[in-house]
Asks: 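Let me begin by handing over the structure; questions about it come next.
Both counts, for ligands and for their atoms, begin at 1 and track the order of listing. All residue numbers refer to positions in the sequence shown, counting from 1.
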Amino acid sequence: MKRCDRLKCPYCLKPNTNVLDSRHSSGAIRRRRQCNECSKRFTTYERVENTFSVIKKNGKIEFFDRQKILNGVLKACEKRPVTLEQVDNMLDHIEAELRDKHTTKIPSKVIGNLVIDKLKKLDGVAYMRFASVYRGFKSPAQFAKEVEKLKK
Ligand SMILES: [Zn+2]
């Protein structure tokens, strides 16, 4: 992850700070930092700029909403041995991949498939849950087909 570290310490104003940890919380990144000069600790919030939009199935365009995807994935991971860290990490990778596409409008299908792909490697059950909701499985046969694909 890129760390923008010319940030000035609010105490001694020296641009020499360390990131202790960072967390995502509803569209913002919260970073705990420590100044390398005076050793004081402080927290910053960085808002992630929406560099791309999502084209929905019905043709509507909306901003990419990480929280929405996070909620969907967390729901699929309920009671599974998957940590919030892992999901957060996965979303970081997905966002990075989307940014790499260098386009501002991305079909929701592309994003959904990225999530499904990554979830497959993380947890089979969570993956099935997410795929079934996302792809709108209507019969057990569709589950069976997906399980077959998973075995490969
Ligand atoms: Zn300082």
Asks: If we check side chain to side chain contact (heavy atoms under 4.5 Å, CB included) with Val54, which of these qualifies: Asp65, Ile69, Ile111?
Replies: Ile111

Asks: For the atom pair NZ (Lys14) and SG (Cys38), what is the distance rounded to the nearest 0.5 Å?
Replies: 8.0 Å

Asks: Excluding waters, how many protein N/O/S atoms sit closer than 2.8 Å to the Zn ion (ligand 1)?
Replies: 4

Asks: Name the residue from Arg30, Arg23, Arg33 that meets the salt bridge (Lys or Arg N to Asp or Glu O under 4.0 Å) definition with Glu46.
Replies: Arg33

Asks: For residues Arg66 and Asp88, determine if any side-chain heavy atom of one lies less than 4.5 Å from a side-chain heavy atom of the other.
Replies: yes

Asks: Are Arg99 and Glu95 ion-paired here, with the side-chain N under 4.0 Å from a carboxylate O?
Replies: yes

Asks: Just grab all the side chain to side chain donor-acceptor pair (under 3.5 Å) pairs involving residues 128-138, residues at least two apart or on different chains.
Replies: Asn113-Arg135, Arg135-Glu146

